Amino acid sequence: MKLATWNVNSLRVRLPQVLDWLTRYRPDVVCLQETKTEDRNFPAAEFEAAGYHVACSGQKTYNGVAIASRRPLKELARTLPDFPDEQKRLIAATVDGVRLINVYVPNGAAVGSEKYDYKLAWLQSLRRYAGVQMKRYPKLALLGDFNIAPEDRDVHDPEAWQGSVLVSGPEREAFRALLELGLVDVFRRFDQPPESFSWWDYRAAAFRRNHGLRIDHILCSRALAETCTCCTIDREPRALERPSDHAPVVAVFR
DNA sequence: ATGGCTTGAGTGTCAAGA
């Protein structure tokens with residue numbers, strides 16, 4: 001199984017790039033974030049024509065997540081059980097016995113802000129949900145845009161970013177708490193190029209200068225991680241005209 | 001240099017992203 005995650009920053013704008021990427025890379029499953037599309041406007045027909053089943057949870061203007069899968073999507077869930085919230089940031093489904101939890105973790109705006117507190121509370125609730133789901137589904141992937149760079153090597157300029165949102169201590173602790181459930185960051189299971197990032201600011205030629213962060217992740221239960229044969233970041237779509245600011249992350253399982 | 005681009009909403013200009 002080839003599994004991917006991609007924050008597309010507006011599915012309406014990025015749909016041609018997404019469909020082209022699906023046609024060329026043929027992932028079995030792709031998890032999308034920041035679709036910014038209400039469910040009634042979701043381009044389901046285009047995905048189905050490309051050979052994918054789709055499930056979405058979207059809203060106007062902000063957030064929104066979706067899963068496209070070549071095999072049927074079962075046991076769909078769209079909420080964190082103990083976190084009542086209007087923001088559409090999670091969608092879970094089972095594909096061929098593998099549980100997939102696709103998340104768009106809140107950005108957090110600035111350390112100490114209301115949005116930052118909301119991010120940490122959301123992550124605490126996610127940890128509880130992931131723990132419960134892992135007991136029920138031995139093969140599980142928690143993947144998406146985590147808006148956290150877990151270590152300094154995931155940051156182009158750790159000194160400049162020191163203590164700020166996306167890298168702050170409490171955010172990294174929340175990420176480690178997910179790993180402590182037994183989840184594995186499969187990207188780090190393999191040798192990777194130095195300065196591997198998944199997001200680059202649109203401004204200041206950040207992509208050209210590789211001024212990025214690694215904030216998009218594929219975390220797998222041990223049983224699933226054991227079958228992972230590679231995990232890579234595909235930088236190509238980031239170099240296109242009118243790109244998303246995020247690149248897809250892809251993992252392959254035998 | 002707290003800017004720098006991009007998107008959606010909506011038609012002037014701002015919030016939000018990371």
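As the structure is a prediction and not an experimental result, all values here were calculated from the model. Residue numbers start from 1 in every chain, and the chains themselves are labelled A, B, ... in the order their sequence lines are given, proteins ahead of strands.
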(message) Taking only side-chain N and O atoms of A:Lys36, does any of them lie within less than 4.0 angstrom of OP1 or OP2 on B:dA16?
(response) no

(message) Enumerate the salt bridge (charged side-chain N to carboxylate O under 4.0 Å, His left out) contacts for residues 105-120 of chain A, please, sequence neighbours excluded, ordered by first and then second residue.
(response) A:Lys119-A:Glu171

(request) Go through B:dA9, B:dG17, B:dG8 for me and flag the one nearest to the A:Lys60 side chain. (result) B:dA9

(message) Go nucleotide by nucleotide along DNA chain B from the 5' end; which of A:Val105 and A:Arg14 gets its closest nucleotide reached first?
(response) A:Arg14

(request) For DNA chain B, list all stems, counting runs of three or more consecutive pairs where every pair is Watson-Crick or G-U wobble with both distances under 3.5 Å. (result) B:5-9 with B:13-17

(message) In whole Å, I'd like the distance from the CG atom of A:Leu11 to the C1' atom of B:dT7.
(response) 13 Å

(message) Measuring only the C1' atom in each nucleotide, how far is B:dG4 from B:dG17? A whole number of Å is fine.
(response) 14 Å

(message) Closest-nucleotide mapping onto DNA chain B: is A:Pro106 or A:Pro243 further toward the 5' terminus? I mean the 5' end.
(response) A:Pro243

(request) Take atom P in B:dT7 and the same atom in B:dA18, then report the distance between them in whole Å. (result) 13 Å

(message) Counting only side-chain heavy atoms from C-beta out, which of B:dA18, B:dT7, B:dA16 sits nearest to A:His246?
(response) B:dA18

(message) Does B:dG17 have OP1 or OP2 under 4.0 Å away from a side-chain N or O of A:Arg203?
(response) no

(request) Would you mind checking if A:Arg188 and A:Asp154 are paired as a salt bridge, meaning a charged N to carboxylate O distance below 4.0 Å? (result) yes

(message) Quick check for you: among B:dT7, B:dT6, B:dA18, whose closest atom lies nearest to any side-chain atom of A:Tyr202?
(response) B:dT6

(request) Respond yes when some side-chain nitrogen or oxygen of A:Tyr104 is under 4.0 Å from OP1 or OP2 of B:dA18, and no when none is. (result) yes

(message) Applying the side chain to side chain contact (heavy atoms under 4.5 Å, CB included) criterion to A:Leu219, which one of A:Leu179, A:Val184, A:Val186 satisfies it?
(response) A:Leu179

(request) Please state whether the phosphate of B:dT6, meaning OP1 or OP2, lies under 4.0 angstrom from any side-chain nitrogen or oxygen of A:Arg242. (result) no

(message) Taking B:dT13 as the reference, what is the distance to B:dT2 when you measure between their P atoms (whole Å, please)?
(response) 24 Å

(message) Can you tell me if A:Ser10 touches the phosphate of B:dG8, counting only side-chain N or O atoms and a distance under 4.0 Å to OP1 or OP2?
(response) yes

(message) Please classify the nucleic acid contact of A:Val165 as base, sugar-phosphate, or nothing, using heavy-atom distances under 4.0 Å.
(response) nothing

(request) Considering only Ile, Leu, Val, Met, Phe, Trp and Tyr, and joining two whenever side-chain heavy atoms are under 4.5 Å apart, list the other residues clustered with A:Tyr202. (result) none

(message) Less than 4.0 angstrom from a charged side-chain N to a carboxylate O is my criterion; do A:Arg172 and A:Asp152 meet it?
(response) yes

(request) Using the P atom on both, measure B:dT6 against B:dG10 and round to a whole Å. (result) 22 Å

(message) Can you tell me whether the side chain of A:Asp201 and the base of B:dA18 have a donor-acceptor pair closer than 3.5 Å?
(response) no

(request) Take atom P in B:dA9 and the same atom in B:dG3, then report the distance between them in whole Å. (result) 25 Å

(request) Check A:Ala206 against A:Asp201 and note the closest heavy-atom contact, atom names and distance. (result) CB-O, 3.2 Å

(request) Choose from B:dT7, B:dC5, B:dA16 the nucleotide whose nearest atom is closest to any side-chain atom of A:Lys115. (result) B:dA16

(message) With a sphere of 6.0 Å drawn around CZ of A:Arg128, does it hold more than 12 non-hydrogen atoms of other residues, nucleotides or ligands?
(response) yes

(request) For B:dA18, take OP1 and OP2 only and decide whether either is under 4.0 Å from a side-chain N or O of A:Asn107. (result) yes

(request) Would you tell me if any nitrogen or oxygen in the side chain of A:Asn7 comes within less than 4.0 Å of OP1 or OP2 on B:dA18? (result) yes

(request) Look at the side chain of A:Asn147 and decide which nucleotide, out of B:dA16, B:dT7, B:dA18, has an atom nearest to it. (result) B:dA18

(request) Taking all non-hydrogen atoms of both residues into account, name the closest pair between A:Phe197 and A:Arg153 and its distance. (result) CE2-O, 4.1 Å

(request) In whole angstrom, give the distance that lies between atom CG of A:Asp245 and atom C1' of B:dA16. (result) 12 Å

(message) Base, sugar-phosphate or nothing for A:Asn63? Non-hydrogen atoms, less than 4.0 Å.
(response) nothing

